[in-house]
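Throughout, residue positions are numbered sequentially from 1 according to the sequence presented.
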Amino acid sequence: SKENKTSVTNETNVTVVPVVLNINKAADVAVVANGSVVNYTIVVSNVGKVNATNVSVVDAVLDGLTFDKAGVVDANGANVESDISKPSWVIDKLVAGESVKLWITATVNGLVMGNVTNTVSVTSKENKTSVTNETNVTVVPVVLNINKTVDVSPVGNNTLVNFTITVSNADLGNATDVIVSDVLPEGLILDNYGVVDVKDAAIKNFTQSGKTVVEWNISKIENNSIVKLWITARTNGQKMGNLTNVVNVTSKENRTPVSNKTNITVVPVKLNINKTANVTVVGNNTLVKFTIIVNNTGIVNATNLTVSDKLPEGLTFANDASEGYSWNASTRVISWNLTKLDAGNIKEYYVVVRTNGTGLKTNRVNVTCKENKTEVPNSTDINVKAVNL
């Protein structure tokens, strides 16, 4: 002062300490497939002794990941502003010793395979130096395998064929939005289709380029799992020889079709029929026994066979024939139905008739089957002569 030029002093101390922020980022999965959604959790902590203000958190979504949305899990009392168009947040004040939890979802876009590193950083008004943390996810391709088998080959015309389709996902990532498409070739008519062990498959059939297509839409096939599908189709006889049936599978994660095919050989059913009489010359009012032999000389089974024998005038049915016969008096036809005659097998029938009048009597017999409606005929003659006393 004016009266005392000697300074009188006092002092006080404040301790300036740095704001110490910590940030940690974790993904909910370690291995993902293309097209999968990854959920990240970010925890920002103030581990120092003083409050941090204007805390800015920025996540750098790299190639291979497409940002979906972001938000706040737990603000812990802080005021947090989010930018929904990009993964960034501003925390007005982060009290010493407190944490804020944030979240991000991103979709693997298939631009990068292998390790994808995602980095997040945090700064504050008191400390402009970025504190960063990163997390890795490994992006792997979805590799689907498809296999198609048939229950029988070769087959005859007009025969029902059963196909089994097995789709397997042996890779590390789940396959989603799986589409299985089966194209029936010419020569096969769709009968039915379905699933063996898939609960949520949507199935339809349609015509494309003149061919019938069966399509299954399966929401998800998890890794290390399989699904089984089935088709039944009937050979229509329009084409003989090899028929190739192709099936494809794609998924959201891999649009490149994976294909498999199976071949069936359609061959004609070959039936042969022969009829003989125990006598060739006989008198009137005499019993004659005809023997009928049906032979499947082809390499495929014949089913739903009908053997028909029409008696001519001059021959009367003696009510004696092989078991299972059916007699129609008005048409004079005796017939037998046979469920199946295996390839290489024969079936023998007989019928006993009585002659009624003289002259040459021609007895015709034919056989048809489900696979071949064309009649295969045969006939035998007997000569009925009058007794000359």
Side-chain angles (χ1 to χ4, degrees), residues 148-164 182-193 210-212 214 230-245 261-277 290-312 317 321-328 330-351 362-381:
K148 185 171 187 180
T149 58
V150 64
D151 64 337
V152 61
S153 183
V155 296
N157 179 34
N158 197 29
T159 302
L160 208 60
V161 182
N162 300 296
F163 295 99
T164 301
D182 188 288
V183 182
L184 292 179
E186 294 179 3
L188 287 179
I189 299 174
L190 180 65
D191 178 75
N192 205 350
Y193 50 85
K211 296 182 178 181
T212 301
V214 181
W230 61 270
I231 291 178
T232 58
R234 188 175 297 280
T235 56
N236 61 14
Q238 294 181 2
K239 188 175 181 181
M240 292 289 176
N242 284 334
L243 301 182
T244 301
N245 195 193
K261 61 184 178 182
T262 187
N263 294 319
I264 61 171
T265 303
V266 182
V267 296
V269 171
K270 296 181 180 179
L271 294 177
N272 185 46
I273 192 166
N274 187 55
K275 184 174 186 180
T276 57
F290 291 102
T291 300
I292 302 165
I293 296 177
V294 181
N295 186 7
N296 185 350
T297 60
I299 61 174
V300 293
N301 299 336
T303 60
N304 295 348
L305 292 85
T306 300
V307 178
S308 300
D309 188 319
K310 185 171 184 178
L311 299 182
F317 180 46
S322 295
E323 183 180 358
Y325 74 85
S326 175
W327 167 248
N328 188 323
S330 62
T331 60
R332 302 179 59 79
V333 173
I334 184 169
S335 61
W336 296 266
N337 292 318
L338 180 61
T339 302
K340 185 172 74 167
L341 184 60
D342 291 339
N345 285 3
I346 63 173
K347 180 69 175 178
E348 184 174 314
Y349 301 94
Y350 77 88
V351 58
T362 300
N363 193 196
R364 291 181 173 83
V365 66
N366 61 66
V367 61
T368 62
C369 66
K370 178 181 178 182
E371 294 76 17
N372 190 351
K373 298 297 185 181
T374 304
E375 294 181 348
V376 179
N378 189 257
S379 63
T380 188
D381 294 332

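A heavy-atom distance below 4.5 Å is not found between the side chains of V333 and D309. In this structure, T235 and V161 have side chains that are in contact, with non-hydrogen atoms separated by less than 4.5 Å. Residues F163 and T149 are not in side-chain contact: their nearest non-hydrogen atoms beyond the backbone lie 4.5 Å or more apart. Here the side chains of V307 and Y349 are in contact, with some heavy-atom distance below 4.5 Å. Counting heavy atoms from C-beta outward, T368 and E375 have side chains that approach closer than 4.5 Å. Using a 4.5 Å cut-off on side-chain heavy atoms (C-beta onward), I293 and N272 make no contact.
Within a 6.0 Å radius of NZ in K370, more than 12 heavy atoms belonging to other residues, nucleotides or ligands are found. More than 12 heavy atoms of other residues, nucleotides or ligands sit less than 6.0 Å from atom NZ of K148.
Rounded to the nearest 0.5 Å, atoms SG (C369) and CG (N304) are 8.5 Å apart. Note: Y193 OH to W230 CH2 = 9.5 Å, rounded to the nearest 0.5 Å. One finds the CD1 atom of I292 at 6.0 Å from the CD1 atom of I273 (value rounded to the nearest 0.5 Å).
Considering every non-hydrogen atom in both R234 and L160, the closest pair reads NH2-CD1, 3.6 Å. Contact between N236 and L188 at its shortest, heavy atoms only, is ND2-N, 4.2 Å. Closest heavy-atom contact between L338 and L341: CD2-CB, 4.0 Å. When all heavy atoms are compared, the tightest approach of N301 to V269 is O-CG2, 3.7 Å. Taking both residues in full, the closest heavy atoms of E348 and S322 are given as O-OG, 4.3 Å, listed atom of the first, atom of the second, then distance. Between N158 and E371, the shortest heavy-atom contact is CB-CA, 4.0 Å.
Ring pair Y325/W336: centre-to-centre distance not below 6.0 Å.
Side chains of D151 and N162: a donor-acceptor N/O pair is present below 3.5 angstrom, by distance only. A donor and an acceptor atom, one from each side chain of N337 and T306, are located under 3.5 Å apart. Between the side chains of S330 and N328, at least one donor N or O sits under 3.5 Å from an acceptor N or O. For N192 and T232, the side-chain atoms include no donor-acceptor pair closer than 3.5 Å. Between the side chains of N263 and T244, at least one donor N or O lies within less than 3.5 Å of an accepting N or O.
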query: Are N295 and T297 close enough, and set up right, to give a side chain to side chain donor-acceptor pair (under 3.5 Å), and what steps lead you there?
result: CA-CA 6 Å; N295 186 7; T297 60; 5.8 Å; no
- request: Report the C-alpha separation of N242 and I264 in whole Å, then their side-chain angles, then the decisive distance to 0.1 Å, and conclude whether the side chain to side chain contact (heavy atoms under 4.5 Å, CB included) test is met.
  value: CA-CA 6 Å; N242 284 334; I264 61 171; over 6 Å; no
query: Can D182 and I231 be said to form a side chain to side chain contact (heavy atoms under 4.5 Å, CB included), step by step?
result: CA-CA 9 Å; D182 188 288; I231 291 178; 3.5 Å; yes
From CA spacing to verdict: side chain to side chain contact (heavy atoms under 4.5 Å, CB included), N345, N296: CA-CA 6 Å; N345 285 3; N296 185 350; 5.6 Å; no
query: Hey, mind stepping through N245 and T262 against side chain to side chain donor-acceptor pair (under 3.5 Å) and telling me if it holds?
result: CA-CA 5 Å; N245 195 193; T262 187; over 6 Å; no
- request: Tell me, with the steps shown, if I299 and V267 meet side chain to side chain contact (heavy atoms under 4.5 Å, CB included).
  value: CA-CA 8 Å; I299 61 174; V267 296; 3.9 Å; yes
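The backbone N or O of S335 lies less than 3.5 Å from no partner atom in the side chain of S308, so there is not a single donor-acceptor pair. R364 contributes no side-chain N or O that, together with a main-chain N or O of P377, makes up a donor-acceptor pair within less than 3.5 Å. T159 places a side-chain N or O within donor-acceptor distance of the main-chain N or O of N157, the cut-off being under 3.5 Å.
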